[in-house]
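Below: the structure, in structure tokens.
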Amino acid sequence: MKLLLDTHVLLWALLEPHKLSPELRNALEDSDNTLVVSAATAWEIATKWRLGKLKQARAVVENYAMALHRLAAIDLPISAAVARQAGLWAVPHRDPFDRLLAAQATSDDLVLASMDPAFGQFEGVVTLR
């Protein structure tokens, strides 16, 4: 399975693994699964850290590539087609980071690892909690 990690799942896996559900923890540790992290997540973490909303994420911001390496996760760029889909999706959810993750999950046939129920608004997004 290819898992796209939502921002909070990435941060929990790196900083607070006890917050992950047993199912999610097992999926992240299963070497048969491929872990993918969106460029939108790097943007979200850096933005929220700069604004003082993610003070505990300093090490992740300063050593982002190493953080992904620790999890054996692959960095996923954002294509113009995905950005367009994120912008056009006719759902009330306004969070640009979530919209990009939802579009990437459907575009690349990825399972979105997230505890956020808001992704249920996006048709075709499969989540693992």
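Heads up: numbering here begins at 1 and tracks the sequence. A quick note: this is a predicted structure, and the numbers were derived from the prediction, not measured.
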Can any side-chain N or O of [X] pair as donor or acceptor with the backbone N or O of [Y] at less than 3.5 Å?
X: Q104; Y: P77; value: yes
X: R129; Y: S21; value: no
X: N26; Y: P22; value: yes

Pairs involving residues 61-77, ordered by first then second residue, that meet side chain to side chain donor-acceptor pair (under 3.5 Å) (sequence neighbours left out):
R58-E62
Just one of L4, L3, L24, T41 clears the side-chain contact (heavy atoms from CB on, under 4.5 Å) bar with V9, so which one?
L24
Could you state whether [X] and [Y] fall into the same hydrophobic cluster, counting links through intermediate Ile, Leu, Val, Met, Phe, Trp or Tyr residues with side-chain heavy atoms under 4.5 angstrom apart?
X: L71; Y: L76; value: no
X: F122; Y: V126; value: no
X: L101; Y: L54; value: no

Can you tell me how far apart [atom1] ([X]) and [atom2] ([Y]) are? Round to the nearest 0.5 Å.
X: T106; Y: D108; atom1: OG1; atom2: CG; result: 8.5 Å
X: D98; Y: R94; atom1: CG; atom2: CZ; result: 13.0 Å
X: L11; Y: Q56; atom1: CG; atom2: CD; result: 6.5 Å
X: R25; Y: K19; atom1: CZ; atom2: NZ; result: 13.0 Å

Any idea which heavy atoms bring [X] and [Y] closest together, and the distance?
X: A46; Y: V61; result: CA-CG2, 4.2 Å
X: I78; Y: A40; result: CD1-N, 3.6 Å
X: A83; Y: L100; result: CA-CD2, 3.9 Å
X: A86; Y: A103; result: N-CB, 3.8 Å
X: A57; Y: L15; result: CA-CD1, 4.3 Å

Under the side chain to side chain contact (heavy atoms under 4.5 Å, CB included) criterion, do L5 and L28 qualify, and how do the steps go?
CA-CA 9 Å; L5 307 186; L28 296 179; 3.4 Å; yes
What residues, two or more places apart in sequence or in another chain, satisfy side chain to side chain contact (heavy atoms under 4.5 Å, CB included) together with S107?
V82
Once ring pair (Phe, Tyr, Trp, His ring centres under 6.0 Å) is applied, do any residues pair with W12, and if so which ones, sequence neighbours excluded?
H8
Test ring pair (Phe, Tyr, Trp, His ring centres under 6.0 Å) applied to F97 - qualifying residues, sequence neighbours left out:
W43
Any heavy-atom pair between the side chains of L10 and L68 that's under 4.5 Å?
yes
Run the side-chain donor-acceptor check on residues 110-121: report pairs under 3.5 Å with partners two or more places apart or on a different chain.
from	atom 1	to	atom 2	distance (Å)
S114	OG	D6	OD2	2.7
S114	OG	D116	N	3.0
D116	OD1	A118	N	2.8
Q121	OE1	H93	N	3.3

Which pairs with one or both residues in residues 47-56 pass salt bridge (Lys or Arg N to Asp or Glu O under 4.0 Å), sequence neighbours excluded?
E44-K48
